[in-house]
Amino acid sequence: MSGISSEISYVRGDATVPSVKGVKVIAHVCNDIGGWGKGFVLALSRHWPEPEKAYRSWHRDRAANDFGLGAVQLVQVERHVWVANMIGQRGIRTGSKGVPVRYEAIDTALGLLAERAAELGASVHMPRIECGLAGGTWSRVEPLITERLVRRGIAVTVYDHEG
């Protein structure tokens with residue numbers, strides 16, 4: 001990697017089509033109840049069936065694997081493209097226990113993601129994770145990304161969807 005950036009790059013566009021060379025990991029956050037059907041996952045599923053299949057299988061077999069808050073599943077979808085399913089939401093609805101986002105789980109997952117991205121020599125691409133349906137705030141998520149990924153020298157691009 002040439003020149004370590006000290007901050008996140010922000011661009012307008014679609015996080016499912018990162019326009020950089022090299023190995024790329026598209027990261028997003030999933031819930032802990034096996035639900036896949038709203039938000040950014042729909043864009044992922046339009047491009048590749050593998051991340052949803054892998055996530056559903058991971059959830060189905062959770063008694064025998066690491067599925068749970070803070071876990072990460074990397075799914076290869078193209079020769080140089082991986083999708084990181086990160087478990088960072090408790091359920092899917094805002095209710096008496098607050099919003100679904102779990103910052104501690106996202107922090108843990110980002111730490112695991114950093115290790116895998118470093119092993120792959122990959123850049124990381126994502127939408128503003130957890131700031132839509134999950135009810136999170138970017139001011140709480142951004143420092144986690146900076147701490148776990150950027151400070152380790154991993155290039156991170158965050159996509160703001162056009163429209």
Side-chain angles (χ1 to χ4, degrees), residues 8-93 99-136 138 141 144-145 148-149 154-163:
I8 299 167
S9 298
Y10 290 90
V11 298
R12 281 210 162 297
D14 182 349
T16 63
V17 286
S19 60
V20 298
K21 295 201 181 320
V23 180
K24 298 167 270 296
V25 175
I26 299 168
H28 72 112
V29 175
C30 304
N31 60 64
D32 67 348
I33 59 167
W36 181 289
K38 283 196 165 141
F40 184 69
V41 297
L42 297 177
L44 283 173
S45 290
R46 278 196 294 274
H47 287 274
W48 309 284
E50 297 91 349
E52 178 180 0
K53 279 189 197 145
Y55 168 77
R56 290 191 185 282
S57 164
W58 190 29
H59 176 261
R60 191 173 46 252
D61 301 331
R62 65 192 176 279
N65 64 39
D66 66 346
F67 184 95
L69 287 170
V72 177
Q73 178 189 52
L74 242 63
V75 181
Q76 189 166 15
V77 293
E78 291 177 18
R79 186 165 160 219
H80 294 296
V81 182
W82 300 74
V83 171
N85 293 333
M86 304 187 297
I87 310 299
Q89 276 176 236
R90 166 79 70 205
I92 55 172
R93 289 199 175 74
V99 295
V101 64
R102 292 294 178 267
Y103 296 108
E104 322 72 51
I106 291 169
D107 189 41
T108 300
L110 288 169
L112 293 170
L113 173 62
E115 289 172 25
R116 297 300 303 278
E119 287 166 13
L120 293 167
S123 54
V124 173
H125 304 265
M126 65 181 74
R128 288 190 190 235
I129 55 173
E130 293 309 274
C131 295
L133 300 168
W138 189 245
V141 174
L144 302 177
I145 294 166
R148 295 293 179 196
L149 297 168
I154 295 164
V156 177
T157 303
V158 171
Y159 295 75
D160 287 314
H161 212 291
E162 295 166 302

**Prompt:** Should the pair His28 and Phe40 be assigned to parallel (<30°), tilted (30 to 60°) or perpendicular (>60°) ring geometry?
**Reply:** tilted
**Asked** Tell me, do Leu144 and Glu130 make a side-chain contact under 4.5 Å, heavy atoms counted?
**Response** no
**Message:** I'd like to know if Asp32 pairs up with Arg90 as an ion pair, taking the criterion as any Lys NZ or Arg NE/NH1/NH2 lying under 4.0 Å from an Asp or Glu carboxylate oxygen.
**Reply:** yes
**Message:** Ring-plane angle category for Tyr159 and His125, please: parallel below 30°, perpendicular beyond 60°, tilted otherwise.
**Reply:** tilted
**Asked** When you measure from the side chain of Tyr55 to the backbone N and O of Gly34, does any donor-acceptor pair fall under 3.5 Å?
**Response** yes
**Request:** Report the distance from atom NE2 of His161 to atom CZ of Arg12, rounding to the nearest 0.5 Å.
**Result:** 10.5 Å
**Complete:** Taken to the nearest 0.5 Å, the spacing of Ile87 CD1 from Ile33 CD1 works out to 11.0 Å
**Asked** What residues, two or more places apart in sequence or in another chain, satisfy side-chain contact (heavy atoms from CB on, under 4.5 Å) together with Glu104?
**Response** Arg102
**Request:** Among Leu120, Asn85, Leu112, Val83, find the residue that satisfies the side chain to side chain contact (heavy atoms under 4.5 Å, CB included) test when tested with Leu74.
**Result:** Leu120
**Item:** Residues Arg116 and Glu119 bridged, charged N to O under 4.0 Å
**Value:** yes
**Message:** Would you compute the distance between atom OH of Tyr103 and atom OG1 of Thr108 and round it to the nearest 0.5 angstrom?
**Reply:** 14.5 Å
**Asked** Taking Glu50 for the side chain and Lys53 for the main chain, is one N or O donor matched with an acceptor at less than 3.5 Å?
**Response** no
**Fill in**
Closest non-hydrogen atoms of Val25 and Ala122, given as atom of the first, atom of the second and distance, are CG2-CB, 3.8 Å
**Message:** Tell me the closest heavy-atom pair linking Val124 and Ala27, and the distance in Å.
**Reply:** CG1-CB, 4.1 Å
**Request:** Rounded to the nearest 0.5 Å, what's the gap from CG on Asn31 to CD1 on Ile92? Could you check?
**Result:** 6.5 Å
**Asked** Rounded to the nearest 0.5 Å, what separation is found between the NE2 atom of His59 and the CZ atom of Arg62?
**Response** 3.5 Å
**Asked** Looking at CD of Gln73 and CG of Asn65, how far apart are the two atoms once the value is rounded to the nearest 0.5 Å?
**Response** 8.0 Å
**Asked** Are side-chain heavy atoms of Tyr10 and Arg128 found at a separation under 4.5 Å?
**Response** yes
